[in-house]
Amino acid sequence: MTKNITCVTCPMGCGITVELNDNNEVISVSGNTCKRGELYAKNEVTHPQRSLATTVKVDGGVHNVVPCKSAGPLPKEKIFDCMAEINKACAKAPVKLGDVLVENVCGTGINIVATNHCPEA
């Protein structure tokens, strides 16, 4: 099986071809101009991950929500489950940059952290 992807690790945007065997194991990677592209391609076809940026509700703050992000990449197949868990969360003001708003989201080992402040109202 062959998969064609575009590398996003740098601005070059290399078109990469990944060949897989019947067990979904990588046989070869071509089209990348650097080792980072090769690693990205292997990970993308075998275990894709994504960073997540969203907002969390805030109780008693000058704003109703605070922006946040995942502290690391999440398994792509768990993004919707993670969003459902994040949507249930509500932080109590004040919220500071870097505060953990959701710990170990969906058992991934990744925290959801505030990317801005939200003072009390």
Cluster overlap [X] with [Y], hydrophobic side-chain contacts below 4.5 Å:
X	Y	value
Ile112	Phe80	no
Met12	Val29	no
Val65	Leu101	no

Exercise for review: Mark yes or no for whether Lys57, through its side chain, and Asn64, through its backbone, hold a donor-acceptor pair below 3.5 Å.
Suggested key: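 Judged by distance alone, no pair lies under 3.5 Å.
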Exercise for review: Could you tell me whether a side-chain N or O of Asn104 sits under 3.5 Å from a main-chain N or O of Gly109, the two making a donor and an acceptor?
Suggested key: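 Answer holds: yes.
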Least distance between heavy atoms, [X] atom then [Y] atom:
X	Y	result
Ala93	Pro119	CB-O, 4.1 Å
Ile110	Pro73	CG1-O, 3.8 Å
Gly61	Cys118	CA-SG, 3.9 Å
Tyr40	Ile5	CE2-CD1, 3.9 Å
Leu74	Cys82	CD1-SG, 4.1 Å
Pro94	Asp99	O-OD2, 4.3 Å

Supply the atom-to-atom distance [X] [atom1] to [Y] [atom2], rounded to the nearest 0.5 angstrom.
X	Y	atom1	atom2	answer
Thr2	Leu20	OG1	CG	7.5 Å
Asn32	Lys42	CG	NZ	9.0 Å
Ile16	Thr9	CD1	OG1	7.0 Å
Ser51	Lys69	OG	NZ	7.5 Å

Practice item. Output the rest of the hydrophobic cluster of Val113: all Ile, Leu, Val, Met, Phe, Trp and Tyr residues reachable through side-chain heavy-atom contacts under 4.5 Å, sorted by chain and number. Key: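 Val100, all in the cluster of Val113.
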**Study point:** Enclosure of Asn21 CG (heavy-atom neighbours >12, cutoff 6.0 Å)
**Key:**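 Buried by this count: over 12 neighbours within 6.0 Å.
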Check your understanding: What pairs with Leu97 under side-chain contact (heavy atoms from CB on, under 4.5 Å), at least two apart in sequence or on another chain?
Key ->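 side-chain contact (heavy atoms from CB on, under 4.5 Å) list for Leu97, sorted by chain: His117.
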Point to revise | Residues which pass side-chain contact (heavy atoms from CB on, under 4.5 Å) with Thr54, listed by chain and number, not counting sequence neighbours | key: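 Per chain and number, Thr54 pairs via side-chain contact (heavy atoms from CB on, under 4.5 Å) with Cys68, Met83, Ile86.
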Exercise for review: May I ask you to say whether Arg50 pairs ionically with Glu44, meaning some side-chain N is under 4.0 Å from a carboxylate O?
Suggested key: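 Here Arg50 pairs with Glu44 in a salt bridge, since their nearest N and O are under 4.0 Å apart.
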**Study point:** Note: Glu85-Lys88 ion pair, threshold 4.0 Å (strictly below)
**Key:**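 Looking at Glu85 and Lys88, the cut-off is not met.
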Review point. So do the side chains of Asn43 and Gln49 get within less than 4.5 Å of each other, counting heavy atoms only?
Key: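 Counting from C-beta outward, Asn43 and Gln49 never come under 4.5 Å.
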Review point. Taking C-beta and beyond as the side chain, do Glu77 and His47 meet within less than 4.5 Å on heavy atoms?
Key: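 Of all side-chain heavy-atom pairs linking His47 with Glu77, at least one is under 4.5 Å.
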